[in-house]
Protein chains: 2
Amino acid sequence: MGTTDTGHQPDGAGEKQSAPRRRADAERNITAILDAALVCFTEQPQASMTAIARTAGVGRVTLYAHFPSREVLLEAVLDHTITLASAVIDTAAPNEGPAVDALSRLLHISWHVLDRHRRLFEIAQRELDPAVLRQHHDQAMSRVEQLLIRGQQEGAFRTDLPLNWLVTTVYSLLHAAAADVNTGHLKQNTAADVLEATLLPALRPPQATVRRRRRG
Amino acid sequence: MGTTDTGHQPDGAGEKQSAPRRRADAERNITAILDAALVCFTEQPQASMTAIARTAGVGRVTLYAHFPSREVLLEAVLDHTITLASAVIDTAAPNEGPAVDALSRLLHISWHVLDRHRRLFEIAQRELDPAVLRQHHDQAMSRVEQLLIRGQQEGAFRTDLPLNWLVTTVYSLLHAAAADVNTGHLKQNTAADVLEATLLPALRPPQATVRRRRRG
DNA sequence: CCTAAGTCGAACACATATGTTCAGTTTAGG
DNA sequence: CCTAAACTGAACATATGTGTTCGACTTAGG
């Protein structure tokens, strides 16, 4: 029979090699598709399957052989990216040392990765099933969220605003910086510093600013 | 002759009543379409012409009679919204009093309007001609930009980061707050306060925070 | 080297969106 | 009240996207 359709388990979460041992070129094409889809989706959300196949350098039929629908592909890309991003984020050792320093490391190392993830998530948000999104969302946000909680406990980050809002603030400015780099308004190498200079004052407890010697 | 096609000048910028005096119902439908398009576009960027016509309560043909293409409609909506938004923004008297207070007024009065405008602009950004966008963009951003410049001159806002970035920061957090209100994470009435509490520290000159008595 | 796994382009069915045309109906407004 | 302006649904042409099927070709890998 012509096409493949071997059940397609493109290294989902825990790379369980259950049944269908794939051939080497199939494996190679899958990763090529995943990479191409990542690029295409982040560049423009409405990227067609045709465009993705072309970018990956494979036929459209091959694409459908591995990912039977756009929805499946998008979810696979999301999953794949989260896995890669997590590894990069962990490089910054977000759980060690003062929270402020950890945040600084996180920003410098992975602002680019985090933004890519954010953009992907935005697409998924309006194309994927909300139920499926929830778990992806939680897994994605948790890294930054935990860091912020730790900072609050240390007294380094403010507690007068909802935690959720602080997370949103971080991601929002992260995205803004990435977008400005894209349009050329901001330089690659200064982005992290600008981001840090903007975020830290916004996250600091408001008392830290007001605490001025109450003299005449 | 069936359809209308009277050259369609739906109150563009300076409402010049050049030649084609429109009938009352035509005028009424045009504003209905403009309103409907605004709602549809901001709710979901890919809204179809059919959906917009249905929302406006007019036939699809009527829509095309006034706005010969999706592109024209989008541009008209953008133009219309900017005009309306400008009026609301001016209510906050952004050029009077201390810049910090003016920003606070601006946020409380018009964060919602500004966000609506931002969303529209995002859509236009990927559907309209870049050249056309430029002027719209400048006209939109200028209000906030001028306020920030004034604040810098007063010494109330930081000058260690690019002005462009400060504008981006304001709009970015504005949008984030609006999105959080939409998802229910933030309450309508607290949004402006949260926004202000986050933005002011981020915009303040960094010296104000660091200025601490250098004691042992 | 030989077979099954994989790939390929072409073509199909289907759905949806954009504009257009037409013929019939409503309505504003003098 | 009467006419021209405006609205209407139905149907058309066109384009693009999705997902499938088919037959032929290539290649991995025992």
Side-chain angles (χ1 to χ4, degrees), chain A residues 1-10 17-34 36-37 40-41 44-77 123 126-128, chain B residues 1-10 17 19-34 36-37 40-41 43-77 123 126-128:
Chain A
M1 293 75 189
T3 50
T4 325
D5 198 352
T6 330
H8 77 88
Q9 240 118 324
Q17 69 282 23
S18 49
R21 295 182 223 141
R22 267 186 302 264
R23 236 170 62 175
D25 58 349
E27 207 95 38
R28 205 186 325 140
N29 277 340
I30 288 178
T31 69
I33 290 172
L34 245 27
C40 289
F41 278 140
Q44 56 155 348
Q46 315 105 329
S48 69
M49 296 293 264
T50 307
I52 294 171
R54 189 159 26 82
T55 303
V58 302
R60 209 165 58 91
V61 182
T62 304
L63 200 171
Y64 276 106
H66 293 301
F67 304 93
S69 80
R70 180 192 181 81
E71 196 177 330
V72 171
L73 174 61
L74 181 53
E75 197 177 338
V77 172
I123 303 166
R126 65 165 171 265
E127 292 203 29
L128 247 49
Chain B
M1 295 74 193
T3 50
T4 325
D5 198 352
T6 330
H8 77 88
Q9 240 116 320
Q17 69 283 23
R21 295 181 224 141
R22 265 187 303 264
R23 236 171 59 177
D25 57 350
E27 207 95 38
R28 203 183 328 136
N29 277 340
I30 287 178
T31 69
I33 290 172
L34 245 27
C40 289
F41 278 140
E43 273 180 0
Q44 54 156 345
Q46 316 106 328
S48 70
M49 296 293 264
T50 308
I52 293 170
R54 190 158 26 83
T55 303
V58 303
R60 208 164 59 92
V61 182
T62 304
L63 200 171
Y64 277 107
H66 293 302
F67 304 93
S69 80
R70 180 192 181 81
E71 196 177 329
V72 172
L73 173 61
L74 181 53
E75 197 177 338
V77 171
I123 303 166
R126 65 164 170 264
E127 292 204 28
L128 247 50

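The sequence lines fix the lettering, A, B, ..., with proteins before strands; numbering per chain opens at 1.
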- Query: Rounded to whole angstrom units, what separation is found between the CD1 atom of A/Ile30 and the C1' atom of D/dA28?
  - Reply: 15 Å

- Spell out yes or no: do the side chain of B/Arg60 and the base of D/dG9 have one donor N/O and one acceptor N/O closer than 3.5 Å? no

- Could you state the interatomic distance from CG (A/Asn29) to CZ (A/Arg23), rounded to the nearest 0.5 Å? 10.0 Å

- Task: Calculate the interatomic distance between B/Ile33 atom CD1 and D/dA6 atom P; express it in whole Å.
- Result: 13 Å

- Whole angstrom value for the distance that separates C1' of D/dC7 from CZ of B/Phe67: 15 Å

- Message: Can you identify which nucleotide, out of C/dC8, D/dT20, D/dA6, has its nearest atom closest to the A/Val58 side chain?
- Response: C/dC8

- Could you state the CD1-P distance from B/Ile52 to C/dT16, rounded to the nearest angstrom? 18 Å

- Query: Counting just side-chain N and O atoms, does A/Asn29 come under 4.0 Å of either OP1 or OP2 of C/dG6?
  - Reply: no

- Query: What nucleic acid atoms does B/Ser48 come within less than 4.0 Å of, heavy atoms only: base, sugar-phosphate, or nothing?
  - Reply: sugar-phosphate

- Query: Side-chain N or O of A/Thr62 less than 4.0 angstrom from OP1 or OP2 on C/dC8?
  - Reply: yes

- Message: Whole angstroms only, please: what is the CD-C1' distance between A/Gln44 and D/dT16?
- Response: 13 Å

- Item | Test item: A/Leu34 and A/Leu73 side chains (from C-beta on) under 4.5 Å apart, heavy atoms | yes

- Task: Rounded to the nearest angstrom, tell me the gap between atom CZ in A/Arg28 and atom P in C/dA5.
- Result: 18 Å

- Separation between CD of B/Glu127 and CD of B/Gln46, rounded to the nearest 0.5 Å: 9.0 Å

- Length of the CZ-C1' vector between B/Arg54 and C/dA17, whole Å: 13 Å

- Query: Do A/Thr62 side-chain atoms and A/Val58 backbone N/O form a donor-acceptor pair below 3.5 Å?
  - Reply: no

- Between B/Arg23 and B/Arg70, just flag the one whose closest nucleotide in DNA chain C comes earlier from the 5' side. B/Arg70

- Candidates D/dC7, C/dG6, C/dT18 - which lies nearest the side chain of A/Ala26: C/dG6

- Note on the structure: Separation of C/dA15 atom C1' from B/Gln46 atom CD, nearest Å, is 16 Å

- Note on the structure: Regarding the side chain of A/Tyr64, the nearest nucleotide among C/dT18, C/dC22, D/dG19 is D/dG19

- Item | Non-hydrogen side-chain atoms of A/Phe67 and A/Ile30 separated by less than 4.5 Å | yes

- Which nucleotide in the set C/dT18, C/dT7, C/dG9 lies at the smallest distance from any side-chain heavy atom of A/Asp25? C/dT7

- Distance check: side-chain N/O of B/His66 vs OP1/OP2 of D/dC7, anything under 4.0 Å? yes

